[in-house]
Amino acid sequence: MLLMLLMLIGSYILAERGKPFWSGAVLGLALQKFHLLLLLPPAMLLRRQNRMLFGFGAAEIVEVVLCALLSGIQ
């Protein structure tokens, strides 16, 4: 749970510093507990934070590809 909190704080700090892509990418790393983040992508769309959403999606795609490479596709 501490790791999740650190990722959320890191994402907030990056967003405040004007780095929305990296902020979204850090949020994407927090998908280990995806049920806590289900409402974030629609909120990003409503607030028109496209760069943050793109970073979130990019991190998500990297995680899915790595998972498929490690476990194999059956």
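Nothing fancy with the numbering, it's 1 onward along the sequence. Excluded from the calculations below are hydrogen atoms, water molecules and symmetry mates; all remaining heavy atoms, backbone and side chain alike, are included.
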All side-chain contact (heavy atoms from CB on, under 4.5 Å) counterparts of L6, not counting sequence neighbours: L2

Please report, to 0.1 Å, the donor-acceptor pairs under 3.5 Å made by any side chain of residues 44-68, with sequence neighbours excluded.
none

All pairs passing side chain to side chain donor-acceptor pair (under 3.5 Å) where residues 10-25 contributes a residue, at least two apart: S11-S23

Joint hydrophobic cluster, L29 plus F21, side-chain heavy atoms closer than 4.5 Å: yes

Using a 4.5 Å cut-off between side-chain heavy atoms of Ile, Leu, Val, Met, Phe, Trp and Tyr, which other residues end up in the same hydrophobic cluster as I13? L5, I9

Among the clusters formed by ILVMFWY side chains lying less than 4.5 Å apart, do L31 and L27 turn up in the same one? yes

